[in-house]
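Read the numbers this way: they start at 1 and go in the same order the structure lists the ligands and their atoms.
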Amino acid sequence: MKLIKNLGVLTSGGDSPGMNAAIRAIVRTALNKGLVPYGIKRGYQGMIQGDIEKIKTTDVSNIIQRGGTILKSARSKEFMTDEGMETAYKQLQKHQIDGLIMIGGDGTFRGAAAFSERFQIPSIGVPGTIDNDLNGTDFTIGFDTAVNTAVWAIDKIRDTAESHERVFIVEVMGRDAGYIALYSGIACGAEHIFVPEKKESLDEFLNDLCDDRRRKKLTNIIVIAEGDEFGGANELAKVIVKRLPIEPRVTILGHIQRGGSPTCFDRILSSRLGHAAVEAIVQGERQMMVGLVNNRITLTPFTKTTKLNKPFPKDMEKIIQVLSS
Ligand code: F6P
């Protein structure tokens, strides 16, 4: 097995709180093991452009608590083309980078699988996305912080909703994934949640709303993932206005969920996974994502990390209505 000397690190796709803590863990573990870490800016796009520099231990001082990513991030369409990949590989050769660690979500690992297969470059992934939609880890870096941000916001919304006895629809992030909606919905005692993973009957939902009013339960918090089949909060509000004598208010939380200082949980997750990623690559693991399953470090091939393989927690879904009645 060829030993790795120069290790490239990048963050790609939507950023997530805790990415900086993961970069810090990767850089310091790499230095501890005698590797030379290189930061690749703006994900795969920066790789194509050769935006690559050595990182020193002091470069990652004072970042464990900071949201965002010091390496910047991007979604690169060019990298998915033959020419894009060739150019990216030439840039790595120029800097004599012989191993890669990429922090990101499913798009990042799709790119990683194709690139590492084609050029046989040893690569390890670290799951970093607020969506928590990767198979092979119970939690992704940034999810806990995003849920806490959503909960912080929805608690405030409930205060005003209670005062005015209103129905509120709160849209949280998740283009194809309902984990933020599910977790923040349960934590805030939401009366209804809508997630892309589950088809809902509109008639049943509207009947429930009417039942609540008959029981004089006039305050209602509905949490909906942006990628739900109804098309998000504004679309759901239109349906309610059309069919019932209710005027819901809509709040879209948006990118606030992607920023902020990572929670203690995310800092520890990032530190463990960043450290584990370097250990894995040094020990000869290839084309795998590190994850945490039942509090143990695991490795999952890039090709199996897509959310299609990750079961949605049906038991949690079930308790929403019971607990909020
Ligand atoms: O990173 C995941 C995510 O925040 C999704 O929840 C959301 O749909 C998407 O990214 C938004 O991406 P962008 O910031 O590129 O619009």
Side-chain angles (χ1 to χ4, degrees), residues 10-23 41-46 66-80 102-112 125-137 139-154 169-185 187 193-198 223-236 250-263 266 269-270 273 289 291 305-308 310 312-313:
L10 62 84
T11 48
S12 163
D15 62 348
S16 66
M19 279 185 164
N20 277 331
I23 296 167
K41 290 269 178 78
R42 297 176 189 81
Y44 296 125
Q45 197 56 35
R66 278 166 55 191
T69 158
I70 58 162
L71 292 177
K72 317 261 181 232
S73 194
R75 302 186 197 273
S76 174
K77 288 209 175 97
E78 198 182 346
F79 185 72
M80 296 319 278
M102 35 282 268
I103 310 169
D106 61 348
T108 303
F109 298 140
R110 254 180 279 128
V126 175
T129 163
I130 62 164
D131 286 351
N132 201 34
D133 58 347
L134 287 169
N135 184 46
T137 190
F139 297 105
T140 56
I141 292 168
F143 170 68
D144 185 64
T145 307
V147 169
N148 275 285
T149 301
V151 165
W152 170 89
I154 300 168
I169 309 173
V170 184
E171 183 179 299
V172 296
M173 270 193 163
R175 194 161 29 208
D176 316 293
Y179 289 91
I180 299 178
L182 180 68
Y183 276 68
S184 62
I193 61 151
F194 289 93
V195 294
E197 289 84 351
K198 190 173 172 233
V223 178
I224 185 167
E226 62 175 322
D228 184 78
E229 59 172 339
F230 291 124
N234 282 320
E235 294 308 309
L236 188 63
V250 168
T251 304
I252 297 176
L253 297 185
H255 287 77
I256 189 175
Q257 295 157 96
R258 285 239 298 258
S261 181
T263 57
D266 272 328
L269 182 67
S270 306
L273 293 182
M289 181 195 83
T305 57
T306 95
K307 65 177 157 283
L308 295 177
K310 182 165 181 159
F312 199 67

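- Distances below 4.0 Å separate heavy atoms of G14 from the following atoms of ligand 1: 1 (O).
- Cation-pi geometry between K310 and Y179 is met: the NZ or CZ atom falls under 6.0 Å from the ring centre, inside 45° of the normal.
- Checking only distances, T129 never comes within under 3.5 Å of ligand 1, N or O to N or O.
- When only modelled atom types and interatomic distance are considered, T263 and D144 share a side-chain donor-acceptor pair under 3.5 Å.
- Residue-ligand proximity, E226 to ligand 1, at heavy-atom distances under 4.0 Å covers atoms 5 (C), 6 (O), 7 (C), 8 (O).
- Considering backbone and side-chain atoms alike, D131 places an N or O below 3.5 Å from some N or O of ligand 1.
- For A146 against Q257, the heavy-atom pair with the smallest separation is CB-O, 3.4 Å.
- Remark: distances from the non-hydrogen atoms of G174 to ligand 1 include one below 4.0 Å.
- Using modelled atom types, one finds no donor on one side chain facing an acceptor on the other under 3.5 Å when comparing T305 with N135.
- Residue contacts with ligand 1, taken as heavy atom pairs separated by less than 4.0 Å, do not involve I180 at all.
- Ring pair F79/Y44 is parallel by interplanar angle, where below 30° counts as parallel and above 60° as perpendicular.
- Residue-ligand proximity: R75 is placed with a non-hydrogen atom under 4.0 Å from ligand 1.
- Contact annotation: for R258 versus ligand 1, heavy atoms closer than 4.0 Å belong to the side chain alone.
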Determine whether D106 and T306 satisfy the following criterion, side chain to side chain donor-acceptor pair (under 3.5 Å), listing intermediate values before the conclusion. CA-CA 6 Å; D106 61 348; T306 95; over 6 Å; no
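- Contact record, P17 with I141: O-CG2, 3.6 Å, taken as the closest heavy-atom pair.
- The atoms of ligand 1 that sit less than 4.0 Å from any heavy atom of H255 are 13 (P), 14 (O), 16 (O).
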